[in-house]
Every structure is written in structure tokens, then in C-alpha cells.
Amino acid sequence: MASSASHEQAIATVLSQIALSFDGAFLGVTLAFVAVRSLTNYTARSKALRKIRNAPTVKVSDLRSLLELPPPPQPSDENNSNNLVKGQTLVILRGQVEAKSSVDGNWKSFRPNGVLVAHESGDKAVIVQRVQTCIYNEWKGLFGWNADFRAILTRSRRERESTVSRMVPFVLVEDARWPQSEYVFVNMDGSTHPLPLTTVYHQLKPVDPSPYTFLQALFGHEYPVGLLDEEKILPLGKEINAVGVCSSNNGSLEIKSCKDLHFFLSNMTKEQMIDHLALRAKVLLWSGIILGSAAICILGYAAVRNWNRFKAWRQERQVRREQQNRSLTDTDDPQIDAEDETDNVPDGQLCVICLMRRKRSAFIPCGHLVCCQLCAIAVEREVSPKCPLCRQAVRNSMRIFDC
């Protein structure tokens with residue numbers, strides 16, 4: 001357990017260091033990216049909100065007369081007219097779900113083979129979706145780390161959910177009475193919008209443990225404990241709203257999803273859609289403003305801090321260059337060269353740094369006489385001067401003269 005806690009703490013430390021690197025510049029860039037994404041999503045939501053506000057709410061019986069007229073002008077959304085071609089218009093269509101096979105031919109022949117039957121409940125539907133979710137439990141075990149942190153380093157999380165969907169062509173009618181006079185075919189091609197499905201079966205089944213399950217738990221891996229089985233359908237006769245582009249195809253009416261919108265088939269009314277999109281747009285707008293302001297502050301602070309560091313580094317580099325120039329000038333001093341002759345100097349009296357000239361300067365406060373005057377001056381000009389013998393801090397040096 002202690003080993004797992006230390007690993008988690010180490011990962012948290014590394015992540016915090018990355019986030020605060022360069023005085024928070026990495027964190028500022030991340031916040032700026034999220035802010036830009038929020039404002040981009042806000043723009044898309046606002047555009048979708050304007051389109052839905054301007055879209056008329058019609059019934060199936062009124063749709064054909066609406067399509068024969070030119071699309072209504074929408075000055076608040078200039079791009080909307082560019083997305084639609086002649087004979088198409090964006091509408092909110094209210095109708096009931098019916099299988100397309102029931103209105104084929106002369107619209108009066110009913111063929112039950114064109115519908116789906118839910119496996120568990122036996123209800124008739126046009127869309128049947130079965131979702132099986134495996135529920136996992138996790139124990140740190142005797143040898144395991146926490147699964148979330150282990151997944152970062154060793155392996156990716158496995159898929160927990162499997163979905164199987166079946167669908168038959170379906171239409172929207174004004175009511176379920178027969179004979180039907182008008183219908184609108186629902187074109188689901190390219191639609192990735194959520195569907196207003198109804199749950200008709202929901203059961204949690206336990207999973208029988210096996211010896212392998214015991215080993216998974218022992219070594220700190222996830223192990224299955226239950227299977228959630230759900231069945232959702234789009235039943236016949238359900239009244240829904242379809243938000244999309246309507247057109248006439250060989251005399252038959254059809255409605256298709258619009259990629260710019262966040263709804264296609266929905267249980268919500270037009271007012272509920274507008275309220276939902278308006279709330280999301282406000283959240284995205286304020287999130288973008290707050291995160292953008294925080295990113296500007298953090299990036300500004302990081303820029304000032306790094307600029308000051310750069311100026312300090314440049315100033316320190318300039319001081320070092322001046323010290324080097326002074327050292328080179330001192331080496332050309334004839335007086336020092338005359339006093340520090342290198343000829344006939346005993347080995348015990350040589351400078352411990354250059355090993356060429358006689359020891360002439362003692363360091364203060366340690367008092368060690370180990371360097372020539374030239375090397376002592378070079379040691380004094382270091383950023384943190386220290387005696388080469390005892391490594392004690394040096395404040396100054398004193399020239400020693402022979403009697």
C-alpha cells in the first residue's frame with residue numbers, strides 16, 4: 001500500500017511540475033486552448049440557436065404547401081440561406097413514428113414484416129438498441145497499484161460497453177389513423193445525433209467469479225462483478241419532433257439531419273430546444289471568458305518572469321565577460337610578471353592553481369597562502385569565491401611580501 005501511495009504521489013508531482021513549468025506557461029497555454037475551444041463551440045451553438053429560432057414548426061399535412069413557397073428570409077442568419085438549395089427548407093416537424101413498409105405502395109397496405117420486435121419486451125419498433133455494460137470493481141491488491149495511475153503507465157482502459165443497434169426505414173405521419181394521406185420519410189444517413197429512445201428492458205445480472213477473477217483481484221487488476229443489460233427502442237406511434245432539412249424527392253417528402261444543428265429527432269419542443277441551446281451557449285461564453293482571462297494573466301506573469309530572468313542572465317554574462325577581460329589585462333601587467341617569475345621556483349612554493357608562479361597571496365579569512373597574485377584575483381572575481389584548499393568562502397586576498 002505504501003508503494004502504491006508513493007507511485008501516485010510521484011505521478012502527481014510530475015504532472016504538477018509539467019503544469020507549472022516555465023512559471024506556469026504550459027498551464028497558461030492549456031487554458032488558452034480550452035478557452036478558444038469554448039468560444040468556438042459558443043459560436044456554433046449560437047448559430048444553431050438562430051437557425052432553430054427561425055425554423056417554422058409545421059405538421060406533416062402542411063409541409064408540402066410550405067415547400068412550394070420560397071424559403072422565408074432570415075436576416076439574422078446570413079449563412080443559413082447558403083446552406084440550403086432551392087426546394088429545401090429547415091423546419092421543425094411534429095409527427096408520429098411509423099414503419100415505412102406500412103405506407104409503401106398505395107399507402108393503405110399494411111405489411112407487418114417491415115417492423116422490428118424487441119427481444120425482451122416484445123414491443124414493435126423501428127429502432128432497437130441493446131446495450132450491455134460490464135461493471136468492474138477494483139481493489140489495490142497485494143501487488144497492484146491503483147488502476148487509474150497504472151493505466152497511465154502500462155496499459156489503456158478496456159472497452160466496458162458494447163452496443164448493438166437494428167433499424168428499419170421509418171416515416172413520420174400526422175396521426176396513426178388509416179388511411180394515411182401524407183407522410184415524411186426520415187433519412188438517417190450521416191446522422192450522429194442522439195435518438196429519443198425508450199428503455200423497455202433494464203436488468204443487472206451478477207457475473208460468476210472464476211479462478212482468473214481471483215488472480216485479477218490479487219494483483220490489483222479490475223475484475224467484472226456484474227453485467228447491465230438494457231434494451232431501448234423507438235416504438236411505433238411515438239410522437240416526436242424532427243429538426244432538419246425537408247425536401248421533395250421524386251414526389252415523396254423526406255427530412256434529413258443538418259450537421260450544424262445539435263438536434264435531429266427529439267422529445268423536446270421548439271421552446272425547450274431554444275432554452276437548452278441558450279443555456280449551453282451562455283455556459284460556453286462565460287467559460288471562454290473566464291478561462292481566457294486566466295490564461296492571459298498566467299501567460300503575462302510567465303512572460304514577465306522569464307523576461308526578468310533573461311535580463312539577469314544577460315547582465316551576469318556581461319559581468320563575466322568584463323571579469324575575463326580584466327583577467328587578460330592583468331596578465332599583461334609587467335609589474336606582476338616581474339614579481340612572479342617562474343624560473344627557479346621550488347615545487348612547494350608553486351601556485352596550486354596555475355603551477356607556474358610563486359605563492360604570493362593569502363585568502364581572508366582562512367589565511368591560506370596557496371595561490372599567486374594573479375590566480376587569487378581570478379578567484380575573488382568568481383560569483384561565489386572559495387578557497388581552493390579548505391573551500392571556505394573568500395572575502396578578500398592579501399599580497400604577502402618576503403622580508
Side-chain angles (χ1 to χ4, degrees), residues 55 57-64 67 90-133 161-203 229-259 261-270 272-273:
T57 303
V58 297
K59 297 180 181 179
V60 176
S61 57
D62 301 330
L63 186 59
R64 191 175 292 275
L67 289 177
L90 181 67
V91 298
I92 300 177
L93 182 66
R94 186 75 175 176
Q96 295 184 9
V97 177
E98 193 61 59
K100 190 175 185 299
S101 61
S102 62
V103 294
D104 279 341
N106 58 2
W107 302 344
K108 298 182 180 180
S109 61
F110 178 71
R111 295 199 295 270
N113 294 331
V115 299
L116 300 175
V117 179
H119 182 266
E120 298 294 341
S121 64
D123 296 338
K124 294 181 179 180
V126 293
I127 299 177
V128 177
Q129 183 182 86
R130 189 165 186 178
V131 181
Q132 290 185 335
T133 306
E161 183 178 282
S162 62
T163 304
V164 178
S165 298
R166 293 180 296 159
M167 181 186 305
V168 296
F170 64 97
V171 297
L172 293 181
V173 297
E174 191 163 336
D175 52 52
R177 293 177 297 177
W178 298 95
Q180 296 290 345
S181 58
E182 284 288 355
Y183 70 92
V184 178
F185 173 67
V186 180
N187 190 345
M188 297 293 294
D189 294 340
S191 173
T192 58
H193 301 78
L195 298 173
L197 303 180
T198 303
T199 302
V200 294
Y201 179 74
H202 183 94
Q203 185 178 6
D229 195 0
E230 293 180 289
E231 193 173 40
K232 300 178 181 180
I233 64 171
L234 183 61
L236 298 178
K238 182 175 182 177
E239 193 170 4
I240 60 173
N241 281 325
V243 185
V245 179
C246 278
S247 61
S248 177
N249 186 10
N250 297 327
S252 300
L253 300 177
E254 73 171 15
I255 186 169
K256 190 175 182 180
S257 64
C258 184
K259 294 181 179 180
L261 301 181
H262 299 80
F263 300 101
F264 180 33
L265 303 178
S266 175
N267 292 322
M268 293 190 291
T269 62
K270 178 179 178 178
Q272 291 174 336
M273 293 180 191

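Not measured: the values here are computed from a predicted model. All heavy atoms count here, side chains included; hydrogens, waters and symmetry mates do not.
Within the model, atoms CD1 of Ile92 and SG of Cys246 stand 11.0 Å from one another, a figure rounded to the nearest 0.5 Å. Between the CG atom in Leu253 and the CG atom in Leu63 there is a gap of 5.0 Å [rounded to 0.5 Å]. Atom OG of Ser257 and atom CG of Asp189 lie 8.5 Å apart (nearest 0.5 Å). Note that CG of Asn267 and OG1 of Thr269 are 10.5 Å apart. Values are rounded to the nearest 0.5 Å. For the atom pair CG of Leu195 and CD1 of Ile127, the computed distance is 5.0 Å after rounding to the nearest 0.5 Å.
A pairwise comparison of heavy atoms in Phe264 and Lys256 identifies CE1-C, 3.8 Å as the closest pair. The shortest non-hydrogen separation linking Thr198 to Pro235 is OG1-CD, 4.2 Å. Scanning all heavy atoms of the two residues, the minimum distance from Met268 to Met273 falls at O-CE, 3.3 Å. Among all heavy-atom pairs drawn from Tyr183 and Val173, the shortest one is CB-CG1, 3.8 Å. For the residue pair Arg94 and Asn241, the shortest heavy atom distance occurs at CD-OD1, 2.7 Å. Taking both residues in full, the closest heavy atoms of Ala125 and Leu234 are given as CB-O, 3.2 Å, listed atom of the first, atom of the second, then distance.
Residues Ile240 and Pro196 form a side-chain contact, since some pair of their non-hydrogen atoms from C-beta on lies under 4.5 Å apart. Here the side chains of Val200 and Glu120 are not in contact, with every heavy-atom distance at 4.5 Å or above. Considering only heavy atoms from C-beta on, Lys270 stays 4.5 Å or farther from Val243 through its side chain. Glu182 has its side chain out of reach of Glu174: every pair of non-hydrogen atoms, C-beta onward, lies at least 4.5 Å apart. Within the 4.5 Å cutoff, the side chain of Tyr201 has no heavy atoms near those of the His119 side chain. Counting heavy atoms from C-beta outward, Leu265 and Lys238 have side chains that stay 4.5 Å or more apart. Taking 4.5 Å as the limit, some side-chain heavy atom of Val115 sits within range of a side-chain heavy atom of Leu236.
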- Check step by step if side-chain contact (heavy atoms from CB on, under 4.5 Å) holds for Leu172 and Val97. CA-CA 5 Å; Leu172 293 181; Val97 177; 4.1 Å; yes
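The one candidate from Lys232, Glu231, Met167 that meets the side chain to side chain contact (heavy atoms under 4.5 Å, CB included) condition with Val128 is Glu231. With Glu230 as reference, His202 is the one residue of Arg130, Gln129, His202 to meet the side chain to side chain donor-acceptor pair (under 3.5 Å) rule. Only one option out of Val168, Leu116, Val171 pairs with Val126 in a side chain to side chain contact (heavy atoms under 4.5 Å, CB included); it is Val168.
Not one N or O on the side chain of His193 forms a donor-acceptor pair closer than 3.5 Å with the backbone of Ser266.
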